[in-house]
Amino acid sequence: MRAGYGQVLVVDNGGYFPEQDTHRDVAWFVMDAMKVLGTDAVGLSEKDLRFGLAFITQQQKRTQLPIVSANLFRRDSKKTVFPAYLVKQIGGVKVGVFGLMSDKVPLGPAQDSLRVEEPAAAARRTIAELRKKGVGAIVLLSQLGKVESEDLAAAVPGIDALIVGHNVAVLPKGRMIKTTVASYGGEQGQYMGRTVLNLDAKRKASGGDAETYMLGPEIPDKPEVAKLVKGFEDGFNEKLRKAEKDAAVAEKAQREENKDHFLGADLCMRCHVDEGEQWKTTSHSLAWQTLVVAKKDATPDCIPCHVVGYKQPGGFQSGADSTKLANVQCENCHGMGTQHDAFAAAPRRITEQTCVTCHHGENDPEFNFGTKLPKIAHSNLSGETIKAKKTGSGAMMKGHSSSH
């Protein structure tokens, strides 16, 4: 992007903190990496507050990462936690960038000490301030989700570029919302959005377009950055291995105390032979292999939806359990095998909620419970889901190719 354009602003929409408590180190490393990449501005999501306000503020001071959030306030001082916006001269144009987060989400450990202003009010106030400073282009880093982001852009004039975030699927082409160019880059970090703003004779933004690009194998790693990543991952993986061993010891002790645990499909199929043979004709039986092929079989964000009972009693704990507990098996849908007597007397009903634990958002954006359930039901012997996966036409294949 920098090589192809003379006036480039690099931004990140926020929401980059990991969801697992054990992965706190990833948070500070990603902040370091964004600084190394020369990121000009970074938005903020409630996800980035999950380790507490003190953690992210300390890391921001350490890295000097330019975080902006126009509507997150401290209750005691009534001041924004981070600068509401920044103004930066990019070539011949003065650009203003501000961030917004939802006022309808929990704020984690710092809930009682923070408040979030209604986004539209904060947007109007901030845009007015930026225009007074002579800004020619205004960029909003939005963590409001697709619908609320678009509604705000339609209702509040003055936003030239909108970066849409918070559980938002990737869209290859951006959209025009009145005079605002909206970009949708997803959440998995494997895409880069390019928004091009046209400038009029007064160096003011006047329309443009947006596209999103997958950062695939054809885009080589930058050697010095790859070295930093490998150094971090090697140390972090060693830390995880030690934690995994400790957890395995604790899990074994818990299993001995807890009578209910996962057993694995082999035990189920001793009695349910026909159902087991039919299951082997579905793509659920290949779930683990898809991770192996994609080299994601050690990625904690991916594993839970490809194995049985991830990190639960008797369930999948590490790669060593793949022989017995890999793939989406009987117990993923029907419950722990040790509870068999309970649901045998009153058969467990498979509901949409059973499926959308994994089939949701970018993982499977086209999922429809009514049409998909019959394809993997035990009465279906066609093997159509495996055929679809092999041809690349299945919904999960589409979703995973773009998000993992």
Side-chain angles (χ1 to χ4, degrees), residues 11-35 39 41-85 97-123 126 140-149 152 163-168 185-189 236 239-240 243 247 299-302 304 310-312 356-357 360-363:
V11 298
D12 186 279
N13 209 25
Y16 51 88
F17 270 34
E19 295 184 1
Q20 302 92 341
D21 290 341
T22 55
H23 284 54
R24 183 186 294 231
D25 288 359
V26 175
W28 62 254
F29 180 75
V30 171
M31 294 179 76
D32 282 352
M34 286 194 287
K35 187 67 176 179
T39 308
V42 181
L44 188 72
S45 161
E46 82 281 357
K47 298 176 184 178
D48 306 318
L49 300 171
R50 68 177 312 275
F51 300 125
L53 181 60
F55 178 82
I56 189 171
T57 53
Q58 289 168 1
Q59 297 305 322
Q60 190 278 327
K61 289 178 181 177
R62 181 183 63 82
T63 61
Q64 293 300 298
L65 195 66
I67 297 175
V68 291
S69 181
N71 65 334
L72 180 67
F73 289 81
R74 297 180 185 270
R75 287 187 185 275
D76 55 0
S77 65
K78 298 183 180 180
K79 294 181 179 179
T80 56
V81 175
F82 297 103
Y85 58 83
V97 186
F98 72 104
L100 291 175
M101 61 189 298
S102 173
D103 57 347
K104 302 178 181 66
V105 295
L107 300 178
Q111 178 78 38
D112 293 338
S113 61
L114 301 173
R115 68 175 180 87
V116 180
E117 182 185 11
E118 193 275 320
T126 305
L140 168 57
L141 307 179
S142 173
Q143 281 288 336
L144 304 177
K146 180 177 182 296
V147 174
E148 194 172 346
S149 295
L152 185 141
I163 314 301
V164 186
H166 207 280
N167 303 323
V168 172
E187 298 191 304
Q188 299 285 337
F236 183 59
K239 185 175 180 178
L240 287 181
T299 304
D301 288 347
C302 301
Y310 185 62
K311 298 298 183 184
Q312 297 181 56
V356 297
T357 302
H360 70 279
E362 282 189 34
N363 289 347

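The structure presented is a predicted model; accordingly, all values stated were derived computationally and were not measured.
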Could you give the distance from [atom1] ([X]) to [atom2] ([Y]), rounded to the nearest 0.5 Å?
X: Ile56; Y: Gln58; atom1: CD1; atom2: CD; result: 11.0 Å
X: Gln143; Y: Leu44; atom1: CD; atom2: CG; result: 8.0 Å
X: Asn363; Y: Cys302; atom1: CG; atom2: SG; result: 8.0 Å
X: Ile163; Y: Ser142; atom1: CD1; atom2: OG; result: 9.5 Å
X: Phe51; Y: His23; atom1: CZ; atom2: NE2; result: 9.5 Å
X: Leu107; Y: Asp48; atom1: CG; atom2: CG; result: 11.5 Å

So [Y] and [X], do their side chains get closer than 4.5 Å, heavy atoms only?
X: Lys79; Y: Arg74; value: no
X: Met34; Y: Ile67; value: no
X: Leu100; Y: Leu152; value: yes

Of all the heavy-atom pairs spanning [X] and [Y], show the shortest one and how long it is.
X: Ala70; Y: Phe98; value: CB-CD1, 4.1 Å
X: Val168; Y: Val164; value: CG2-CG1, 3.8 Å
X: Leu72; Y: Ser69; value: CB-OG, 3.5 Å
X: Tyr16; Y: Ala27; value: CE1-O, 4.5 Å
X: Ser149; Y: Gly145; value: OG-O, 2.5 Å
X: Thr22; Y: Leu240; value: O-CD2, 4.2 Å

Check against side chain to side chain contact (heavy atoms under 4.5 Å, CB included), Leu49 and Phe55: CA-CA 8 Å; Leu49 300 171; Phe55 178 82; over 6 Å; no
Met101 and His166: CA distance, side-chain angles, deciding distance, side chain to side chain contact (heavy atoms under 4.5 Å, CB included) verdict: CA-CA 9 Å; Met101 61 189 298; His166 207 280; over 6 Å; no
Heavy atoms from other residues, nucleotides or ligands near CD of Gln64 exceed 12 (cutoff 6.0 Å):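 Atom CD in Gln64 is crowded, with more than 12 foreign heavy atoms closer than 6.0 Å.
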Can a donor-acceptor pair be found, under 3.5 Å and without considering hydrogens, that links the side chain of [X] to the backbone of [Y]?
X: Thr126; Y: Ala123; result: no
X: Gln59; Y: Met31; result: no
X: Gln60; Y: Leu65; result: yes
X: Thr39; Y: Lys35; result: no
X: Arg50; Y: Gly108; result: no
X: Asn71; Y: Glu118; result: no

Step-by-step side chain to side chain donor-acceptor pair (under 3.5 Å) determination, Gln20 to Asp301: CA-CA 9 Å; Gln20 302 92 341; Asp301 288 347; 2.9 Å; yes
Full working for side chain to side chain contact (heavy atoms under 4.5 Å, CB included) between Val68 and Phe82: CA-CA 6 Å; Val68 291; Phe82 297 103; over 6 Å; no
Side chain to side chain donor-acceptor pair (under 3.5 Å) contacts in which one or both residues fall within residues 99-113, not counting sequence neighbours: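 The answer is none; no pair qualifies.
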By salt bridge (Lys or Arg N to Asp or Glu O under 4.0 Å) - contacts of Arg115 (at least two apart): none
